[in-house]
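Remarks on the structure that follows.
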Amino acid sequence: MGRRGFLALGAAAATLGLMVFATRSRSVPVPPPLTPPEGPLKVFHLGHSLVGPDMPHMLAQIAPQGHGYNSQLGSGTSLRAHWEPEEDILDFKTANRAPAFRDAKEAIRSGDYGAVVLTEMVELRDAIKYFDAAKYLGKWADLAREAAPHARLYLYETWHRLDDPHGWLERLDGDLEALWVGKLLGPDSRRNPQQPVYLIPGGQVLAAVARAAEAGEIPGLASRESLFARTADGQLDTIHINDLGAYVVALTHFAVLYQRSPVGLPHELTRADGSPAEAFNAEAAAKVQQIVWQVVLSLPRTGLAAERAPA
């Protein structure tokens with residue numbers, strides 16, 4: 001081989017090396033498994049209307065006695081808007097009422113919480129591109145780490161609109177690793193591999209429940225639309241979940257936060273205002289609980305060891 005051939009070979013090897021290094025540098029460490037908390041948790045929820053008032057209230061009803069929570073919410077609110085005092089939070093007054101509301105920075109700085117759950121606005125691509133989503137996830141996570149080094153940190157994965165032009169299920173399938181993990185969790189996880197932000201896979205569980213419903217596997221639930229709210233005039237709300245959807249997401253939070261199967265938990269609950277929530281029948285609730293546990297077990301970023309057997 002002539003000198004030109006050796007140079008070409010060397011250049012190719014260097015390029016391959018750079019590609020391998022770049023691939024490794026972009027990989028997101030899988031967090032170490034967690035052990036179940038020793039007792040009830042006090043949880044802080046930071047986010048927007050896909051958290052809402054009812055889901056954390058439902059979680060408190062199925063969690064161990066002594067579970068408590070506070071929140072700071074908005075409508076379509078980014079983590080940046082929650083952080084920067086000069087930015088307006090849409091619907092702040094109506095979304096944040098006693099006794100659930102507590103100022104986010106004051107709450108997290110207090111170190112009072114055993115778990116802090118963060119979520120980002122959707123459209124997630126816009127949050128990443130225009131609202132520095134990864135940067136502000138890191139800021140909130142660092143604030144929690146400094147205040148309470150043993151607190152558990154979570155990112156609540158949500159979903160996009162049912163009428164997303166790229167497909168609702170397709171977005172849920174494609175966005176988890178590419179956006180929620182790769183773009184949003186990635187920078188913070190590489191900086192803090194031993195105290196990472198774990199994943200609450202709300203979107204993944206909703207997708208699994210929707211698929212099961214549309215396959216005829218959940219009595220009384222026929223479609224993904226059955227998990228979503230209706231407007232006052234009966235039109236489908238393509239982004240906000242109804243009571244059934246909130247129950248599914250509350251089960252998902254329970255399974256991840258407490259590292260326990262939700263199978264057998266109560267299914268007839270109340271909303272935050274005290275009124276009875278729409279509920280699955282007992283057979284459907286049991287099936288949904290099984291699906292939640294299967295999905296949570298299948299994703300190592302939830303902190304559950306993959307080999308842990310379902311209850």
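Since this is a predicted model, take the numbers as computed values, not measurements.
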Between the side chain of [X] and the main-chain N/O of [Y], is any donor-acceptor distance below 3.5 Å?
{"X": "Asp132", "Y": "Lys135", "result": "no"}
{"X": "Ser189", "Y": "Pro193", "result": "no"}
{"X": "Thr94", "Y": "Asp91", "result": "yes"}
{"X": "Trp180", "Y": "Asp175", "result": "no"}
{"X": "Gln72", "Y": "Asp103", "result": "no"}
{"X": "Ser78", "Y": "Ala81", "result": "yes"}
{"X": "Glu87", "Y": "Glu84", "result": "no"}
{"X": "Asn70", "Y": "Phe44", "result": "no"}

[X] versus [Y]: any side-chain heavy-atom pair under 4.5 Å?
{"X": "Ser298", "Y": "Gln204", "answer": "no"}
{"X": "Gln289", "Y": "Ile62", "answer": "no"}
{"X": "Lys105", "Y": "Trp83", "answer": "yes"}
{"X": "Arg224", "Y": "Leu169", "answer": "yes"}
{"X": "Pro56", "Y": "Val51", "answer": "yes"}
{"X": "Thr158", "Y": "Val249", "answer": "no"}
{"X": "Asp237", "Y": "Arg230", "answer": "no"}
{"X": "Leu227", "Y": "Leu206", "answer": "yes"}

Between [X] and [Y], which heavy-atom pair has the shortest distance, and what is it?
{"X": "Ser223", "Y": "Ala213", "answer": "N-CB, 4.1 Å"}
{"X": "Gly66", "Y": "Pro40", "answer": "C-CB, 3.5 Å"}
{"X": "Ala284", "Y": "Ile218", "answer": "CB-CG2, 3.7 Å"}
{"X": "Leu172", "Y": "Glu157", "answer": "CD2-OE2, 4.1 Å"}
{"X": "Pro31", "Y": "Pro196", "answer": "CB-CG, 3.3 Å"}
{"X": "Ala255", "Y": "Val296", "answer": "CB-CG2, 4.1 Å"}

### Message
What verdict does the side chain to side chain donor-acceptor pair (under 3.5 Å) test give for Tyr258 and His67, after you've listed the backbone C-alpha separation in whole Å, the side-chain angles of each residue and the deciding distance to 0.1 Å?
### Response
CA-CA 11 Å; Tyr258 285 102; His67 176 100; 2.7 Å; yes
### Task
Given side-chain contact (heavy atoms from CB on, under 4.5 Å), test Thr77 with Met121 step by step and report yes or no.
CA-CA 6 Å; Thr77 309; Met121 61 168 275; over 6 Å; no
### Message
Please tell me whether Leu297 and Val209 are part of a single hydrophobic cluster in this structure, the criterion being side-chain heavy atoms less than 4.5 Å apart.
### Response
yes
### Message
Applying a strict under-4.5 Å side-chain criterion to I, L, V, M, F, W and Y, I'd like to know whether Trp159 and Leu162 cluster together.
### Response
yes
Going from [atom1] on [X] to [atom2] on [Y], what distance comes out if it is rounded to the nearest 0.5 angstrom?
{"X": "Leu34", "Y": "Arg152", "atom1": "CG", "atom2": "CZ", "answer": "4.5 Å"}
{"X": "Glu278", "Y": "Leu269", "atom1": "CD", "atom2": "CG", "answer": "12.5 Å"}
{"X": "Thr238", "Y": "Leu236", "atom1": "OG1", "atom2": "CG", "answer": "6.5 Å"}
{"X": "Asn96", "Y": "Ser71", "atom1": "CG", "atom2": "OG", "answer": "6.0 Å"}
{"X": "Arg80", "Y": "Phe131", "atom1": "CZ", "atom2": "CZ", "answer": "5.5 Å"}
{"X": "Leu251", "Y": "Met58", "atom1": "CG", "atom2": "CE", "answer": "9.5 Å"}

### Task
Start with the C-alpha distance between His48 and Ser75, add both sets of side-chain angles, then the distance that settles side chain to side chain donor-acceptor pair (under 3.5 Å), and finish with yes or no.
CA-CA 5 Å; His48 45 70; Ser75 291; over 6 Å; no
### Message
Could you check, using the six-membered ring where one of them is a Trp, whether His45 and Tyr156 have ring centers closer than 6.0 angstrom?
### Response
no
### Query
Is there a side chain to side chain donor-acceptor pair (under 3.5 Å) between Tyr69 and Arg102 once you walk through the steps?
CA-CA 10 Å; Tyr69 71 94; Arg102 188 177 181 187; over 6 Å; no
### Query
Between Met55 and Tyr247, does a side-chain contact (heavy atoms from CB on, under 4.5 Å) hold up when you go through it step by step?
CA-CA 7 Å; Met55 187 279 291; Tyr247 179 70; over 6 Å; no
### Task
State whether a side-chain donor-acceptor pair under 3.5 Å links Tyr130 with Glu123.
no
### Query
With no hydrogens and no angle check, do the side chains of His57 and Asp54 hold a donor and an acceptor under 3.5 Å apart?
no
### Query
Step by step, would you call Thr270 with Gln61 a side chain to side chain donor-acceptor pair (under 3.5 Å)?
CA-CA 8 Å; Thr270 62; Gln61 293 170 76; 3.2 Å; yes
### Task
Test Val288 against every option in Val263, Val205, Val248 by the side chain to side chain contact (heavy atoms under 4.5 Å, CB included) rule and name the one that passes.
Val248
Between [X] and [Y] (salt bridge meaning N to carboxylate O under 4.0 Å), is one present in this structure?
{"X": "Arg145", "Y": "Asp142", "value": "yes"}
{"X": "Arg161", "Y": "Asp164", "value": "no"}
{"X": "Arg97", "Y": "Asp273", "value": "no"}
{"X": "Asp243", "Y": "Arg271", "value": "yes"}
{"X": "Arg211", "Y": "Asp173", "value": "yes"}

#### Entry: Whether over 12 other heavy atoms sit under 6.0 Å from Asp88 CG
no
### Task
Take atom CD of Glu38 as the centre, draw a 6.0 Å sphere, and report whether it contains more than 12 heavy atoms from other residues, nucleotides or ligands.
no
### Parallel, tilted or perpendicular: rings of Phe228 and Trp168 (30°, 60°)
perpendicular
### Task
Show your reasoning for whether side-chain contact (heavy atoms from CB on, under 4.5 Å) applies to Val117 and Val43.
CA-CA 7 Å; Val117 182; Val43 181; 3.8 Å; yes
### Message
Determine whether Lys287 and Glu283 satisfy the following criterion, salt bridge (Lys or Arg N to Asp or Glu O under 4.0 Å), listing intermediate values before the conclusion.
### Response
CA-CA 6 Å; Lys287 179 64 177 179; Glu283 184 182 358; over 6 Å; no
### Message
Quick one, Phe92 with Phe101, criterion ring-ring contact (aromatic ring centres under 6.0 Å, His included). Give me CA distance, side-chain angles, the key distance, then yes/no.
### Response
CA-CA 10 Å; Phe92 185 87; Phe101 171 68; 5.5 Å; yes
### Query
Ile200 and Thr302: side-chain contact (heavy atoms from CB on, under 4.5 Å), yes or no, with the steps?
CA-CA 6 Å; Ile200 297 178; Thr302 61; over 6 Å; no
